Every structure is written in structure tokens, then in C-alpha cells.
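Okay, so here's the structure we're looking at.
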Amino acid sequence: MIRGWLRGKQPRPSDRQQKELRRMHDTGDDGISDLAALFSVSRPTVYRTLQRQPGST
């Protein structure tokens, strides 16, 4: 293992996508299923991302 490298899969969606996902969810125009399809992730991933990202809930 090279120093400073983490093993395993990279987080998905990226930090930028997570912030966008939070913003889109906060507007109330898109549902969880819509966001999952838009970002090509599963619904549980959307829920986990929303829990990690601070915002209005």
C-alpha cells in the first residue's frame, strides 16, 4: 500500500454532487427516487448523503 492512499471504493457521489443533491432536496421539487435516478445512485445512498450534509430538514 502506498502511503496516504486509502483502500476501498471512492465515495460516491462526490463532494460537489453531495452538495448539489442537498440543495435540490431542500427546494422540495425532487423526490428521493428522482434524485437517486439523476445521480445514478441507490435510494439508501441518497438518504445517507442527506444525513451527512448539513441543511434544512
Side-chain angles (χ1 to χ4, degrees):
M1 181 170 120
I2 299 174
R3 237 178 228 193
W5 286 30
L6 298 176
R7 292 184 180 184
K9 294 173 74 172
Q10 292 297 313
R12 189 171 171 203
S14 68
D15 290 340
R16 185 182 206 180
Q17 288 175 323
Q18 289 180 27
K19 289 175 185 171
E20 182 65 13
L21 193 147
R22 165 54 75 185
R23 185 193 65 76
M24 291 175 74
H25 180 264
D26 287 345
T27 62
D29 295 335
D30 299 298
I32 299 298
S33 296
D34 297 331
L35 293 171
L38 183 65
F39 287 96
S40 300
V41 295
S42 67
R43 289 180 59 212
T45 299
V46 173
Y47 284 114
R48 278 193 304 272
T49 301
L50 292 173
Q51 286 179 342
R52 284 188 233 141
Q53 288 293 317
S56 62
T57 334

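Numbers here are sequence positions counted from 1. Note that the coordinates shown come from a computational prediction; the quantities given were computed from them, not determined experimentally.
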Can you list, pair by pair, the side-chain donor-acceptor contacts under 3.5 Å of residues 28-44, counting residues two or more places apart and other chains?
from: Asp34; atom 1: OD2; to: Gly31; atom 2: N; distance (Å): 3.3
from: Ser42; atom 1: OG; to: Thr45; atom 2: N; distance (Å): 3.4
from: Ser42; atom 1: OG; to: Thr45; atom 2: OG1; distance (Å): 3.0

* Atom CZ of Arg22 and atom CD of Gln51: how far apart are they, to the nearest 0.5 Å? -> 9.5 Å
* Asked: Rounded to the nearest 0.5 Å, how far apart are CZ of Arg48 and CD of Gln18?
  -> 10.5 Å
* Structure fact -> Sequence neighbours excluded, the answer for salt bridge (charged side-chain N to carboxylate O under 4.0 Å, His left out) partners of Arg23 is Glu20
* Asked: Does the pair Lys19 and Asp15 meet the rule for a salt bridge (charged side-chain N to carboxylate O under 4.0 Å, His left out), with working shown?
  -> CA-CA 6 Å; Lys19 289 175 185 171; Asp15 290 340; over 6 Å; no
